[in-house]
Amino acid sequence: MNGDHDHFMGIALAESQKAAAAGNSPVGSIIVRDGEVIGVGQNRVTSDNDPTAHAEVDAIRDACTKFGTTDLSGAYCHTSMEPCPMCCWAIKAAGLAGMVIGARHADLADLSPPNKQYGGYTVEALNELGEAGLDIVTDVRRDECVEMRRDWMLNAN
């Protein structure tokens with residue numbers, strides 16, 4: 001299964017590059033169910049002037065629209081950056097089985113302390129809320145995801 005995670009994270013990374021090219025934070029996400037990509041998303045916050053247009057939400061919206069449902073049971077979100085609390089809760093609300101994460105906020109602590117924006121937040125902490133827990137896989141193609149985010153953070157100002 002890890003080979004599949006690597007493959008799907010490559011698709012999320014390609015979406016990250018598209019987001020960055022459009023002037024957004026370089027985060028890409030895809031929704032995968034039964035080995036098939038059913039939703040694709042990228043961060044569009046700046047280009048769409050929409051603070052909720054995060055990559056994970058964009059991918060969930062894409063999959064829900066394609067299937068005409070809000071229930072994405074059994075699917076996984078592959079995302080290049082640890083989802084924020086809003087996105088993590090959207091993943092839970094859509095009924096996804098889990099998430100596969102590339103970089104984590106703590107991976108970039110030297111540039112932006114992980115507690116600065118979200119307090120002590122981690123996806124694991126939010127996952128403990130609510131009835132159903134998510135399967136969480138971390139550090140998939142971590143170095144590539146961290147490098148892309150680090151480059152953006154250093155050059156965004």
Side-chain angles (χ1 to χ4, degrees), residues 1-20 24-45 52-64 71-154 156:
M1 187 66 153
N2 194 33
D4 290 343
H5 290 328
D6 286 347
H7 167 73
F8 290 126
M9 189 60 71
I11 298 170
L13 279 162
E15 290 301 313
S16 299
Q17 292 170 337
K18 292 176 189 175
N24 298 293
S25 171
V27 182
S29 300
I30 61 171
I31 307 298
V32 177
R33 184 166 51 199
D34 298 326
E36 178 185 345
V37 177
I38 63 169
V40 178
Q42 58 186 252
N43 183 292
R44 299 176 193 279
V45 170
T52 69
H54 292 200
E56 298 87 353
V57 171
D58 194 39
I60 290 168
R61 288 174 178 159
D62 185 45
C64 288
D71 182 6
L72 300 176
S73 295
Y76 274 73
C77 178
H78 287 69
T79 186
S80 62
M81 187 69 199
E82 180 175 21
C84 73
M86 175 188 73
C87 293
C88 188
W89 201 260
I91 289 166
K92 289 177 72 97
L96 274 70
M99 64 181 88
V100 179
I101 302 167
R104 309 233 6 188
H105 298 288
D107 293 330
L108 300 154
D110 61 314
L111 298 177
S112 175
N115 292 336
K116 181 179 176 186
Q117 187 173 19
Y118 300 127
Y121 169 79
T122 64
V123 292
E124 289 84 1
L126 196 135
N127 189 38
E128 292 179 16
L129 300 174
E131 294 179 14
L134 297 166
D135 180 31
I136 299 172
V137 178
T138 61
D139 297 331
V140 176
R141 296 180 70 164
R142 177 190 171 274
D143 293 344
E144 293 168 77
C145 295
V146 168
E147 181 181 346
M148 183 178 294
R149 181 71 172 205
R150 180 178 297 283
D151 289 349
W152 175 78
M153 290 174 79
L154 290 172

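Just so you know, residue 1 is the first one in the sequence shown, and it goes up from there.
Not counting sequence neighbours, E147 has no partner by the salt bridge (Lys or Arg N to Asp or Glu O under 4.0 Å) test. Residues satisfying the side chain to side chain donor-acceptor pair (under 3.5 Å) criterion with T138, sequence neighbours excluded, are absent altogether. Listed by chain and number, the residues in a side chain to side chain contact (heavy atoms under 4.5 Å, CB included) with R141 are D6, M9, L13, E144 (sequence neighbours excluded).
Side-chain contact between D135 and Y76 is present, with heavy atoms from C-beta onward closer than 4.5 Å. Side chains of V27 and E56 form a contact here, defined as non-hydrogen atoms less than 4.5 Å apart. With a 4.5 Å cut-off on side-chain heavy atoms, C84 and C87 count as touching. Contact of the S29 side chain with the H54 side chain is not registered, since no non-hydrogen atoms from C-beta on lie closer than 4.5 Å. Residues V123 and P83 form a side-chain contact, since some pair of their non-hydrogen atoms from C-beta on lies under 4.5 Å apart. Side-chain contact between I31 and D62 is absent, with no heavy-atom pair separated by less than 4.5 Å. Between V137 and H5, some side-chain heavy-atom pair lies under the 4.5 Å cut-off.
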Go through it in stages, so that I can follow the logic: the residues are R44 and D58, the test is side-chain contact (heavy atoms from CB on, under 4.5 Å), and I'd like the CA-CA distance, side-chain angles, deciding distance and then a yes or no. CA-CA 8 Å; R44 299 176 193 279; D58 194 39; 2.8 Å; yes
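Between N24 and V45, the closest heavy-atom pair is OD1-N, 3.5 Å.
By the 4.0 Å N-to-carboxylate-O rule, R149 lies too far from E82 to be salt-bridged with it.
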